[in-house]
Amino acid sequence: MVRVLPDVAALDKTFDYVVPDGWDGDVRIGTVVRVSLHGRRVGGWVVADGVTPPAGIRLRPLAKVTGWGPPAALVDLAEWAAWRWAGPVRAVLRSASPPGAVRGLPPAPAPPNVAGGPPPNVAGAPPPNVAGAPAPPNAAGGPTPPNVAAAHDGNDPLTVDALARHRAVVRLPPAADPYPFALAAARRGEALVLTPSVEQAVQLARRLRGDGVPVALAPRDWARAAAGGSVVVGARAAAWSPVPDLAAVVVVDAHDEAYREERSPTWNAWEVAAERARRAGVVCVLLSPCPTLEQLAWGDLLAPSRSTERAGWPAVEIVDRRRADPRSGLYSDRVVALIRSGGLVACILNRKGRARLLACAACGELLRCEHCDGGLAQNDDGDGLRCRRCTRSRAAVCQACGATRLRRLRPGVTRVREELEALAGRPVAEVTGDSDHLPDAGVLVGTEALLHRLGAADAVVFLDFDQELLASRYRAAEQALALLTRAARLVGGRGAGGRIVVQTRVPGHEVLRAAVHADAGRLTGPELARRADLRLPPATALAVVSGDAAGFVAALGPGVEVLGPTDGRWLVRAPDHATLAAALAAAPRTGARLRVEVDPARE
DNA sequence: CGGACAAGCTGA
DNA sequence: CAGCTTGTCCGG
């Protein structure tokens with residue numbers, strides 16, 4: 001008899017079934033099955049076997065074995081994650097299950113470490129072809145760009161040191177190649193290597209295969225991973241990939257927000273992978289130019305030498321705009337000179353459209369919506385105005401004096417492109433998240449999505465960095481530094497000659513000091529103090545609870561603090577995650593709509 | 001979730 | 001009171 005968790009929304013409950021004769025070999029914990037439940041057939045997972053069902057219930061037999069599912073250890077881990085992030089186990093088990101039915105596993109390849117790798121913890125023969133083939137993780141393949149700092153091989157002291165620990169956080173500068181860590185982990189056996197994006201995983205998998213490592217690319221090669229003998233490489237959900245004999249975990253760019261699952265439960269792949277490594281008793285190495293405070297609290301920080309870290313960052317130039325002539329708008333002399341000088345320049349402004357806020361040029365009144373009083377933005381075609389709150393449109397006329405000449409207080413990317421083109425004297429193209437090809441222009445303007453689209457640039461300009469530095473999200477400072485590291489990837493290390501230019505009215509901000517000095521550690525102390533002072537993570541644990549059923553939080557406590565509701569959202573604060581999870585376990589299990597976001601992305 | 005069943009509403 | 005909607009309950 002087995003216990004089954006049905007894959008049915010709003011039903012976080014298990015039911016017991018009889019395993020029909022002769023099915024025993026195909027049914028184990030994690031197996032994906034179909035069962036009849038209340039007159040219909042639904043999918044689900046076996047979550048326990050050899051169970052004693054409650055008395056007085058006539059058990060039904062399993063209806064069907066769909067195929068392989070997550071191994072028992074991952075079912076257990078899924079239950080932990082569902083508790084830790086206060087969401088349904090079902091959602092986590094979906095992430096841990098193969099994309100389609102897996103009827104059988106392929107034969108396992110020869111163990112990945114037969115290719116002459118050293119035994120664990122011992123620096124042995126140098127691995128083949130490591131230092132010769134570095135590529136940045138975001139390169140679209142092909143030959144090595146010249147602007148990448150020379151990679152250390154898998155026997156670099158930093159790599160050896162990291163792999164010899166239980167929990168290592170390696171502050172790898174932006175231009176450094178993470179590959180040697182992946183290869184060194186692969187030489188230990190079945191390693192799990194996570195990257196923020198699928199493309200990076202594909203790249204890394206290709207390079208590992210080139211070095212003779214058997215690789216399963218998640219989620220496509222789920223069955224191959226489950227068969228064992230392969231290194232598993234993938235993006236966020238690969239944290240749930242089967243790895244039968246886990247030997248090591250490496251998380252590339254562990255600070256990246258892409259590791260956070262957006263749907264509830266909002267698990268984070270680095271934390272899942274780290275817990276997995278802990279349970280398996282193997283090393284977990286987080287790589288990041290800018291580790292988060294949570295990560296620094298979790299593991300041992302290993303930083304390269306000052307000279308190595310400096311070499312892995314480009315020059316970062318701060319343009320102090322505190323005394324700038326307001327008529328110069330977003331364009332300092334420095335930026336104008338740079339865009340005229342040639343080369344590929346990427347200008348970043350995190351504001352879409354033509355203008356996000358307008359004032360009357362005649363009377364100075366802010367343009368507001370007549371219906372809801374919200375601020376008005378200019379439509380992309382330049383004609384009408386649109387309310388940012390209620391999305392109603394109206395003509396571009398001042399509601400106070402009737403004048404039609406308007407001043408743009410917060411120009412957006414579309415308008416900035418026109419202005420930059422006039423200043424640059426050469427074509428300037430706007431790149432948005434949804435334009436599917438990169439325009440062929442020397443100067444590109446876009447939101448930060450441009451940094452994701454572009455492989456390389458000679459310079460990256462942040463036209464208004466203060467909105468990143470001063471954003472109200474509590475992680476704003478870390479996110480701003482992450483933005484600078486992404487820009488650094490495009491322009492390469494110090495030796496490559498590229499640069500980052502940052503326009504700001506807060507030139508002394510720790511984020512900027514950290515980037516200028518190529519030392520993310522300069523942000524850590526002040527930021528940690530700020531978070532502790534405001535009782536924000538990692539000093540506390542937070543969750544945002546919303547939806548029709550969210551009212552239950554009002555009765556929570558003691559031990560947790562409940563704020564709100566504002567806009568139908570409650571903020572729940574606890575001294576630590578165990579307390580938070582225990583409190584949120586009181587959430588109604590079924591029925592009305594409820595969203596629980598532990599470690600909220602915004603706030 | 002979605003089916004079953006009960007209680008409530010409506011119109012002839 | 002049939003026929004339909006709405007609400008509540010429950011699943012092995």
Side-chain angles (χ1 to χ4, degrees), chain A residues 1-72 74-76 78-102 219 237 240 261-267 543-555 568-569 584-598:
Chain A
M1 280 166 303
V2 291
R3 193 149 287 163
V4 171
L5 177 72
D7 185 7
V8 174
L11 179 54
D12 223 8
K13 204 180 153 193
T14 56
F15 300 87
D16 297 339
Y17 292 85
V18 176
V19 181
D21 287 342
W23 290 24
D24 292 47
D26 296 328
V27 177
R28 70 210 90 213
I29 292 177
T31 301
V32 181
V33 294
R34 288 192 81 76
V35 294
S36 58
L37 183 69
H38 213 72
R40 62 196 170 119
R41 275 194 167 194
V42 297
W45 297 269
V46 174
V47 293
D49 58 9
V51 297
T52 317
I57 285 173
R58 191 181 100 252
L59 289 199
R60 295 176 167 278
L62 294 176
K64 189 188 171 196
V65 171
T66 303
W68 288 72
L74 285 184
V75 173
D76 208 52
E79 282 162 3
W80 168 80
W83 169 83
R84 163 67 176 76
W85 285 280
V89 182
R90 166 178 44 84
V92 187
L93 285 176
R94 272 191 201 156
S95 301
S97 299
V102 171
W240 295 103
E261 169 65 46
E262 286 154 351
R263 290 159 300 184
S264 182
T266 55
W267 50 270
V544 169
V545 181
S546 56
D548 297 340
F552 82 95
V553 298
R569 295 147 43 89
L584 292 175
R589 294 275 101 191
T590 58
R593 298 168 57 77
L594 177 68
R595 177 170 165 80
V596 179
E597 198 185 349
V598 175

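No experiment lies behind these values; they were computed from the predicted model shown. Chain naming here is simple, since letters A, B, ... match the order of the sequence lines and numbering starts at 1 in each.
- A donor-acceptor pair under 3.5 Å is formed between the side chain of A:T266 and the backbone N or O of A:V598.
- Contact of the A:V65 side chain with the A:V27 side chain is registered, since non-hydrogen atoms from C-beta on lie closer than 4.5 Å.
- Considering every non-hydrogen atom in both A:L62 and A:P20, the closest pair reads O-CG, 3.9 Å.
- Side-chain atoms of A:Y17 come within 3.5 Å of backbone N or O of A:S36 as a donor-acceptor pair.
- Rounded to a whole Å, the CZ atom of A:R3 is 15 Å from the P atom of C:dG11.
- Near-neighbour residues of DNA chain B inside residues 52-65 of chain A, defined by a heavy atom below 4.0 Å, are absent.
- At least one donor-acceptor pair under 3.5 Å links the side chain of A:S264 to the backbone N or O of A:V596.
- Of the residues in residues 25-36 of chain A, those lying under 4.0 Å from DNA chain C by heavy-atom distance are A:S36.
- Of the listed residues (A:R34, A:R94, A:R90), just one forms a side chain to side chain donor-acceptor pair (under 3.5 Å) with A:D7, and that residue is A:R94.
- Listed here is the closest heavy atom pair of A:L37 and A:P6: CD2-CG, 4.0 Å.
- The line from CG of A:D24 to CZ of A:R28 is 10.5 Å long, rounded to the nearest 0.5 Å.
- Separating the CG atom of A:L11 from the C1' atom of B:dG3 is a distance of 13 Å, rounded to the nearest angstrom.
- Distance, A:R94 CZ to B:dC1 C1': 11 Å, rounded to whole Å.
- Remark: P of C:dG12 and NE2 of A:H38 are 7 Å apart, rounded to the nearest angstrom.
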